[in-house]
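Below is one structure, written out as structure tokens; the observations come after it.
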Amino acid sequence: MAIKTALITGITGQDGSFLAELLLKKGYTVYGTSRNTSPKSCARIDHLKDQIQMVSADLLDQDSLVRALDQVKPDEIYNLAAHSFVPASWEQPVETGDFSALGVTRLLEAIRRVNRDIRFYQASSSEMFGKSHEYPQHEATALCPRSPYGVAKVYGHLITMNYRETHGLYACSGILFNHESERRGLEFLPRKVTHGAARIKLGLESELHLGSLDSRRDWGYARDYVEAMWLMLQQPEPDDFVIASGKTHSVQDLVKTAFNYLGLNWQNHVVIDPAFVRPPESHLLVGDASKARQRLGWTSKTSFSGLVTLMVDADLENLARQQQVPRE
Ligand code: NAP
């Protein structure tokens with residue numbers, strides 16, 4: 001089989017790094033784009049730096065995308081780059097739209113101009129459902145976003161669908177529900193909890209300040225979810241798929257699982273702090289991934305407790321290494 005070439009935007013992110021690993025394992029030649037090549041920004045792909053190639057391309061600059069596609073000649077493009085922290089999109093609503101919405105059109109236009117056979121994956125999000133009154137959400141559920149992030153993702157989702165239908169491109173959207181990992185940014189709640197619990201275990205902290213413990217989310221493991229992205233681009237016909245675990249857990253479940261695993265009583269350490277309560281909370285988001293199960297053969301393999309404990313283990317190990325504290 002001929003070696004395939006993939007281009008990943010946002011390769012330095014959580015999903016980009018796992019996807020790059022998966023594609024390399026499958027024998028792909030992997031290229032990535034990043035706006036920032038500082039060592040800190042590239043930490044998640046540091047172990048891959050001899051196996052992947054970085055290319056200069058900016059989702060705000062149409063010509064740079066055309067040049068990148070001419071140079072790389074990808075068979076597949078995975079568009080993962082975005083401002084991914086939802087609350088921050090309220091601080092940069094215009095940039096969020098320019099980058100995460102119009103950026104998708106620029107990339108699709110570049111494909112249309114350079115090579116219409118390139119297969120395209122767009123990172124859509126459960127945040128597009130926002131204030132949904134339907135539960136669980138599936139591919140045909142009405143979109144009702146509640147943040148500039150969600151609105152930009154809706155635009156990216158619909159323009160992907162439009163280029164598929166109007167220009168006949170092989171373009172797919174994966175509507176991914178929350179997925180976490182040991183590589184998740186510290187600003188995201190699950191990582192804040194596992195990192196905070198590990199710090200408390202090592203005596204580096206005594207308290208963890210959180211907002212509401214009642215919010216519920218559909219959480220899965222990022223390594224499982226990037227496999228769905230790849231599967232979407234291997235089908236006879238392009239389509240959109242919800243990717244989710246189909247189960248929700250509360251923040252309290254998350255906290256309890258992490259602290260219990262470390263032999264700590266969470267009630268002695270967790271402080272409810274109004275400073276961390278965030279309006280507006282999405283309504284209950286839980287995905288129905290039955291289409292992905294039937295058509296792609298995809299399932300969310302890692303359990304909730306498996307996810308939380310692998311994150312705690314990784315945080316404990318990293319912190320212990322940093323502090324040179326031997327693990328018990
Ligand atoms: P992430 O870890 O935050 O990575 C985002 C990537 O986007 C980084 O490589 C970052 O690169 C790049 N990026 C951010 N802002 C940018 C900008 N203004 N210009 C250029 N590049 C920018 O996010 P992730 O969790 O891997 O998510 C990947 C994609 O899936 C995102 O589109 C996200 O919105 C979407 N998604 C994620 C989830 C989830 O639960 N993780 C769920 C649904 C959808 P640099 O900062 O290094 O340039």
Side-chain angles (χ1 to χ4, degrees), residues 7-21 32-46 48 52 54-61 64-65 68 77-89 91-104 106-107 121-130 137 145 147-157 160 173-191 217-226 228-229 240-245 282 285 287 289 300 307 311:
L7 175 65
I8 304 174
T9 73
I11 197 167
T12 57
Q14 168 188 264
D15 291 3
S17 64
F18 283 124
L19 181 64
E21 279 175 18
T33 71
S34 171
R35 60 185 168 156
N36 188 346
T37 48
S38 70
K40 188 164 176 264
S41 177
C42 293
R44 293 188 186 100
I45 51 165
D46 199 42
L48 304 175
I52 59 180
M54 297 304 280
V55 63
S56 165
D58 183 344
L59 284 175
L60 300 179
D61 175 358
S64 76
L65 296 170
I77 297 179
Y78 297 85
N79 183 33
L80 308 186
H83 286 292
S84 67
F85 189 49
V86 178
S89 71
E91 282 152 34
Q92 293 178 302
V94 175
E95 200 195 329
T96 298
D98 200 0
F99 186 76
S100 304
L102 289 176
V104 185
R106 292 188 192 99
L107 203 40
Y121 172 84
Q122 167 59 16
S124 290
S125 162
S126 55
E127 291 295 321
M128 300 191 305
F129 297 125
Q137 293 89 29
S147 63
Y149 172 91
V151 172
K153 286 290 183 186
V154 168
Y155 179 98
H157 183 67
T160 299
S173 280
I175 308 171
L176 271 57
F177 281 63
N178 288 53
H179 47 282
E180 312 295 322
S181 75
E182 62 278 27
R183 297 184 193 167
R184 191 65 144 149
L186 286 170
E187 66 276 32
F188 292 89
L189 185 85
R191 184 77 200 290
R217 284 281 185 279
D218 179 335
W219 278 301
Y221 185 32
R223 207 182 269 281
D224 295 339
Y225 284 40
V226 298
M229 299 176 186
D240 305 324
F241 293 89
V242 161
I243 301 298
S245 80
S282 284
L285 293 179
S300 178
L307 168 65
M311 289 173 68

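Keep in mind that what you see is a predicted model, and the values were worked out from it rather than measured. All residue numbers refer to positions in the sequence shown, counting from 1. Indexing begins at 1, ligand by ligand and atom by atom, following the structure's order.
Taking 4.0 Å as the cut-off, Y149 counts as a neighbour of ligand 1 on heavy-atom distance. Using 4.0 Å as the threshold, L59 has no heavy atom nearer than that to any atom of ligand 1. E95 counts as a contact of ligand 1, since one of its heavy atoms falls under 4.0 Å from the ligand. Residue K153 places a heavy atom less than 4.0 Å from ligand 1.
Near R184, meaning under 4.0 Å from any of its heavy atoms, are these atoms of ligand 1: 25 (O), 39 (C), 40 (O), 41 (N). For ligand 1, the atoms sitting less than 4.0 Å from at least one non-hydrogen atom of A123 are 29 (C), 30 (O), 32 (O), 35 (C), numbered in the order shown with element in parentheses. With ligand atoms numbered from 1 in the order given, ligand 1 contributes 1 (P), 3 (O), 23 (O), 33 (C), 34 (O) to contacts under 4.0 Å with heavy atoms of S84. Annotation for ligand 1: atoms under 4.0 Å from non-hydrogen atoms of N178 are 40 (O).
At a threshold of 4.5 Å between non-hydrogen side-chain atoms, the residues T96 and K153 do not count as touching. Using a 4.5 Å cut-off on side-chain heavy atoms (C-beta onward), M229 and L176 make contact. Between D240 and H157, the closest side-chain pair of non-hydrogen atoms falls below 4.5 Å. Taking 4.5 Å as the limit, some side-chain heavy atom of V242 sits within range of a side-chain heavy atom of F177. No side-chain heavy atom of Q137 sits under 4.5 Å from any side-chain heavy atom of S126. When side chains are defined from C-beta on, L102 does not count as touching L59, because their heavy atoms never get closer than 4.5 Å.
A salt bridge is defined here as a Lys NZ or Arg NE, NH1 or NH2 lying under 4.0 Å from an Asp or Glu carboxylate O, and R191 with E182 fails to meet this definition.
Side-chain atoms of H179 and D224 include no donor-acceptor pair closer than 3.5 Å. Q122 and S173 share no side-chain donor-acceptor pair at under 3.5 Å.
Polar contact check, N79 against ligand 1: no nitrogen or oxygen pair lies under 3.5 Å apart. At a 3.5 angstrom cut-off on N or O pairs, H179 counts as close to ligand 1. Between Q14 and ligand 1, a contact under 3.5 Å exists for at least one N or O pair.
With V104, I11, L80 as candidates, the residue nearest to atom 32 (O) of ligand 1 on a non-hydrogen basis is L80. Of all the listed residues (S124, A57, A244), S124 holds the heavy atom that lies closest to atom 44 (C) of ligand 1. The closest heavy-atom contact to atom 43 (C) of ligand 1, among the options D218, T12, L176, comes from L176. Atom 5 (C) of ligand 1 has its nearest heavy-atom neighbour, among A222, A82, G10, in A82.
A cation-pi contact, defined as under 6.0 Å to the ring centre and within 45° of the axis, links R183 to F18.
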